[in-house]
2 protein chains.
Amino acid sequence: MAKVNPIRRAEIGREKRARTRAQLIAAANSLFARQAVESVTVDDVVKEAGVAKGTFYVHFDSLEAVTAAVAEELVHSFDELLQPGRVSLAEPALRIAFGCCSFIDKALNDPRWASVVARLAAVAPKGGEMARRRLFEDLQQFSKALPDDGVSAELKLEIVVGIMLQILRALGEGRLSSLDRDAAIGAMLRAIGLNAQEAKSVLVRLPAAPMLESSSRSSTK
Amino acid sequence: MAKVNPIRRAEIGREKRARTRAQLIAAANSLFARQAVESVTVDDVVKEAGVAKGTFYVHFDSLEAVTAAVAEELVHSFDELLQPGRVSLAEPALRIAFGCCSFIDKALNDPRWASVVARLAAVAPKGGEMARRRLFEDLQQFSKALPDDGVSAELKLEIVVGIMLQILRALGEGRLSSLDRDAAIGAMLRAIGLNAQEAKSVLVRLPAAPMLESSSRSSTK
DNA sequence: GTTCATATTGACAAAATAGTCGAGTTGACT
DNA sequence: AGTCAACTCGACTATTTTGTCAATATGAAC
């Protein structure tokens with residue numbers, strides 16, 4: 001008289017499923033740390049994840065899908081790390097500096113992460129869209145409170161993003177390993193219109209960066 | 001009684017060969033403007049070039065080889081455009097600004113070029129090595145003549161490169177099409193340690209940028 | 001119009017990659 | 001110990017891509 005609760009059944013399924021899905025995402029993440037996103041194949045991913053080919057297609061339609069999932073996970077977990085500190089900062093310059101600072105700290109702590117983010121940023125602009133938009137809004141506010149320097153907020157956005165991504169790339173490739181975080185943020189602040197003194201004042205008022213978890217997989221809710 | 005000069009023969013061969021090789025390079029260049037470098041196949045290239053598959057392998061060992069050739073051609077032709085103006089500039093800040101200025105002008109004039117350069121920069125770091133080294137030397141000189149701001153020349157290099165590549169990417173993707181060149185250079189100069197006034201002074205002393213040829217293939221010596 | 005060194009061609013075999021599906025495994029529940 | 005819904009497996013076919021090579025085309029010189 002087997003009477004099994006089908007709802008419970010589905011639950012069990014979902015758990016197992018989530019585990020395997022996470023394995024696949026982690027595998028893709030590892031591969032992106034080593035090689036160009038476009039050069040990764042489905043076979044590479046399943047081999048790295050230690051699952052069968054068919055399993056991949058149960059979870060994702062294509063490589064783009066898993067790539068997007070990797071990007072989303074990265075954005076989401078970084079965001080989670082960032083938002084608590086951000087909300088308490090009223091001044092746009094502080095928010096911008098804080099965000100960049102966290103970015104650099106994380107990259108210094110985990111060059112592998114830096115590599116992956118740098119590579120994905122070039123390929124999956126969708127993923128970082130939200131972060132980009134937030135930064136842009138901060139920059140608009142920031143610009144309004146500044147004597148006009150002829151640099152549009154759009155250009156400032158590209159400048160900040162450009163500097164950050166290049167630093168990520170450099171750290172990911174082993175260059176710049178003794179990077180002075182404050183120097184980098186200072187340069188960035190001057191680029192977007194602060195003078196040396198103002199930049200320094202922002203830096204000293206920066207709250208301690210959020211603590212970072214160590215390198216690898218850990219945030220699977 | 002056929003007596004043919006074998007030296008002349010070889011000459012003819014070399015000419016034809018060079019033409020086809022240039023076709024292949026131009027085809028790869030076109031493709032790189034449209035899609036990720038790693039996603040281009042040999043078949044794509046030969047189809048775009050209008051030659052047979054076998055011909056490709058007569059000229060190049062692999063896709064990497066033709067990619068390197070595209071990068072080299074880009075670097076070489078941009079360098080040719082740049083060097084004449086550069087040598088007359090004694091001040092490092094001027095040389096740096098002049099280089100960046102030419103870069104941006106070219107990108108504004110030819111977004112396709114901007115796309116290709118941005119893509120190749122991420123993939124073929126070998127190609128731009130020389131340009132990178134020159135910029136680094138200028139930055140070292142530049143830093144020496146400046147009160148120490150705690151920003152190493154290495155970091156300055158990454159900052160300048162990061163800003164320039166991001167602007168290229170943005171222009172290549174159609175963002176930022178109304179870019180104010182001087183604003184961008186000004187921001188870059190402030191990032192590497194000049195104050196607003198000094199940056200402006202550099203900008204007004206900048207010689208006219210080298211004239212640019214229009215978009216497409218023309219420099220086949 | 002013949003010659004011939006060189007370049008070009010495209011059909012082909014081999015390798016890599018994508019995507020499918022029937023068979024098999026799992027594990028909480030009874 | 002048996003049940004079963006959901007997951008996983010991996011061999012298989014289809015497609016794409018690579019790299020080769022014997023045959024053919026080219027064209028200036030004679």
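Below, chains carry the letters A, B, ... as their sequence lines are ordered, and counting in each starts from 1.
A ring-centre distance under 6.0 Å is not found for A:Trp113 and A:Phe32.
At whole-Å resolution of the value, NE2 in A:His59 and C1' in D:dC9 are 12 Å apart. Rounded to whole Å, atom C1' of C:dA18 lies 17 Å from atom CZ of A:Phe60. For B:Asp61 and D:dG19, the CG to P distance is 9 Å, given to the nearest whole Å.
Considering all non-hydrogen atoms of both residues, B:Ser143 and B:Lys156 come closest at OG-NZ, 2.9 Å. Across all their heavy atoms, A:Ala69 and A:Arg21 have their closest contact at CB-NH2, 3.9 Å. Between A:Arg95 and A:Ala90, the closest heavy-atom pair is NH1-O, 3.2 Å.
Ion pairing between B:Asp138 and B:Arg86 holds under the 4.0 Å rule for side-chain N and carboxylate O. A salt bridge is defined here as a Lys NZ or Arg NE, NH1 or NH2 lying under 4.0 Å from an Asp or Glu carboxylate O, and B:Arg34 with B:Glu48 meets this definition. Salt bridge present: A:Arg132 and A:Glu158 bring a charged side-chain N and a carboxylate O closer than 4.0 Å.
Residues of residues 31-42 of chain A having a heavy atom closer than 4.0 Å to DNA chain D: none are found. Near DNA chain D, meaning a heavy atom under 4.0 Å from it, residues 43-58 of chain A has A:Val51, A:Ala52, A:Lys53, A:Gly54, A:Thr55, A:Val58 in order of number.
Residues passing the salt bridge (charged side-chain N to carboxylate O under 4.0 Å, His left out) test with B:Glu154, sequence neighbours excluded: none.
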